[in-house]
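Remember, it's 1-based here, ligands and their atoms both numbered in the order they're listed.
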Amino acid sequence: MKRKKKINIAIVGLGNIGSYLYRYLLKNKNEFVKKTNTIPNIIAVSAKNKLKKRKFKIPKSKWVKNYLDITKNKNVDIIVELIGGSEGPAKKLIFSALKNKKNVVTANKALIAKYGDKLGKIAEENKVSLEFEAAVCGGVPIIKSLKEGLIANSISKIYGIFNGTSNFILTLMDKNNIEFTDALKKAQNLGYAESNPKSDLDGDDVASKLKILTALSFNCFINNKDISVEGINKVDRADINNANLLGYKVKLLGVSRIKDKKVLQRVNPCLIKKSSYIANINGVLNAVIINGRPVGETVIQGEGAGPEATTSALVSDISSILKGNRRLPFVISNKKRKKIYFENINNEKFSAYLRIDVKDKHGVLSDITKTMARNKVSIKRLIQNPYKSKKYSSIVIVTHEAKDEFLNKTIKQLSKRSYLKEKPKFFRIERI
Ligand SMILES: NC(=O)c1ccc[n+]([C@@H]2O[C@H](COP(=O)([O-])OP(=O)(O)OC[C@H]3O[C@@H](n4cnc5c(N)ncnc54)[C@H](OP(=O)(O)O)[C@@H]3O)[C@@H](O)[C@H]2O)c1
């Protein structure tokens with residue numbers, strides 16, 4: 001019988017994800033051998049602090065002091081980068097690994113979103129793999145679906161919930177009727193939000209994932225410039241309650257679509273009809289919806305983050321390489337990827353939800369409606385709720401469809417009024 005080939009793997013970064021992956025690979029080695037017909041061998045590991053107490057023992061022989069030495073080790077076949085961050089050590093490691101003809105697996109969305117095009121080109125030139133399933137939506141196999149399962153399709157739209165932390169917070173605010181800061185605290189106590197959750201809350205994490213999905217869906221280069229990004233940090237309990245009364249749920253969506261050869265990518269919290277599929281994706285779950293021809297609509301849902309789900313994706317990438325499947329990082333050759341025109345959100349039309357909390361005095365409502373009319377924004381529905389103190393009232397408006405530019409202009413002008421209690425809120429209503 002032919003002897004099984006041994007494949008040497010190095011793991012750099014032994015935090016949340018790296019330490020889980022390390023233990024998983026050791027525990028499930030036999031399964032691997034059966035499924036891939038190769039022997040996965042962890043030959044080297046590295047992290048920042050050798051003296052740090054870890055949940056498991058690392059044989060001295062495997063520990064590499066300078067992680068960059070791993071990229072020059074002739075015996076290493078696959079390097080798994082689990083440091084994180086778009087610059088610094090993770091960047092140095094992946095560039096050096098690919099230049100030294102090592103296969104790379106990473107969960108680093110920030111780095112792939114920023115340098116994916118350059119890295120993909122180096123990987124292709126050096127005939128090695130660069131795999132990043134774990135970088136987008138954790139355990140949801142969206143990258144492989146786009147590269148393989150859905151390869152026959154011309155994709156027109158890809159959208160969904162790509163951030164488990166923000167979805168967990170929005171779900172908690174809704175179910176427990178609590179404010180954003182209280183929901184964030186609870187998410188942090190449960191380990192769903194990092195101590196610095198900035199990129200989860202300001203939409204940047206979703207933006208990185210969306211840029212990668214856009215490039216894969218439309219065979220274009222990653223576009224970091226033309227993307228409109230808003231996070232959930234401006235959603236209040238009052239907005240969630242109002243949305244419920246109007247028949248909607250508030251969700252943070254990443255949306256990318258192509259129309260007339262122009263791509264629009266955007267990340268924003270929005271109101272979605274309660275009856276829609278996506279409005280019912282709750283907690284830390286992620287969901288991706290793809291519209292393509294000839295397949296129609298495809299939906300993939302699953303755990304978006306955490307060591308278990310992320311390891312599932314990392315192992316899928318490692319297995320592909322173990323089996324000898326070298327795929328181009330962005331499906332098609334770098335030479336054939338297109339420069340596509342990306343359009344601005346300004347001309348896109350939306351119906352919108354506005355909440356304007358004002359001092360309850362004569363002439364306010366008339367000023368609001370006149371300002372809207374001047375900006376070509378018309379009212380579909382208006383509800384005025386007095387505050388208990390009667391000094392203020394909350395005016396909730398659902399608009400007819402209007403250009404995004406005009407909706408923003410309206411909010412900008414209204415934000416300057418002296419009768420405001422707080423800055424007006426504006427969320428788009430999705431046509432889903
Ligand atoms: N956490 C999740 O749920 C999740 C989900 C999907 C994707 N990801 C991605 O997975 C990656 C890792 O995330 P994580 O949560 O595991 O991060 P983490 O817990 O902060 O771990 C980072 C690891 O990198 C090591 N490190 C930092 N600086 C280094 C350096 N200069 N040289 C060598 N090693 C260095 C750290 O070493 P020490 O241990 O010595 O400090 C630590 O082991 C990130 O790209 C993240 O975006 C995470």
To which protein heavy atom is [atom] closest, and what is the distance rounded to 0.1 Å?
atom                    : value
atom 43 (O) of ligand 1 : L14 N, 2.7 Å
atom 21 (O) of ligand 1 : G15 CA, 3.3 Å
atom 39 (O) of ligand 1 : R54 NH1, 2.7 Å
atom 19 (O) of ligand 1 : N16 N, 3.0 Å
atom 3 (O) of ligand 1  : G306 N, 2.8 Å
atom 12 (C) of ligand 1 : L82 O, 3.5 Å
atom 24 (O) of ligand 1 : I83 CA, 3.4 Å
atom 29 (C) of ligand 1 : K48 CB, 3.7 Å

Considering both backbone and side-chain atoms of [X], is one of its nitrogen or oxygen atoms within less than 3.5 Å of a nitrogen or oxygen in ligand 1?
X    : value
I17  : yes
E81  : no
A305 : no

Per-residue contact class, [X] against ligand 1 - non-hydrogen pairs under 4.0 Å:
X    : answer
A47  : both
A134 : backbone
T310 : side chain
K52  : side chain
K53  : neither

Worksheet item: Is the closest side-chain donor-acceptor distance between K211 and N224 under 3.5 Å?
Response: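 The answer is yes; a qualifying pair exists.
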
Worksheet item: Is the closest side-chain donor-acceptor distance between S256 and Q265 under 3.5 Å?
Response: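 Distance-only check fails for S256 and Q265.
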
Going by an N to O cut-off under 4.0 Å, is there a salt bridge joining [X] and [Y]?
X    : Y    : result
K234 : E422 : no
K335 : E124 : no
K34  : E31  : yes
E131 : K144 : no
R428 : E230 : yes

For [atom], the option (of [options]) bearing the nearest heavy atom:
atom                    : options              : result
atom 32 (N) of ligand 1 : Y192, Y67, F132      : Y67
atom 7 (C) of ligand 1  : P89, G85, A107       : A107
atom 40 (O) of ligand 1 : N49, L51, T311, I112 : N49

Fill in: Donor-acceptor under 3.5 Å (N242 side chain, A238 main chain)
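Side chain of N242 to backbone of A238: a pair is present.
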
Worksheet item: Would you say the side-chain atoms of R237 pair up with the backbone N or O of N177, donor to acceptor, closer than 3.5 Å?
Response: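 Here the side-chain-to-backbone pair exists.
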
Worksheet entry | Whether Y353 and F427 hold their rings parallel, tilted or perpendicular, with breakpoints at 30° and 60° |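 Plane angle under 30°, so parallel.
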
Item to complete: Would you kindly check if the NZ (Lys) or CZ (Arg) of R23 is within the cone defined by 45 degrees around the ring axis of F56 and under 6.0 Å from the six-membered ring centre?
Response: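 Ring-cation test returns no.
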
Item to complete: Compare every heavy atom of L246 with every heavy atom of R381, then report the nearest pair and how far apart it is.
Response: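 Closest approach of R381 to L246: NH1-CD2, 3.4 Å.
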
Item to complete: Ignoring hydrogens, tell whether any protein atom lies closer than 4.0 Å to atom 37 (O) of ligand 1; use the non-hydrogen atoms only.
Response: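 Answer yes: something from the protein, a heavy atom, is under 4.0 Å.
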
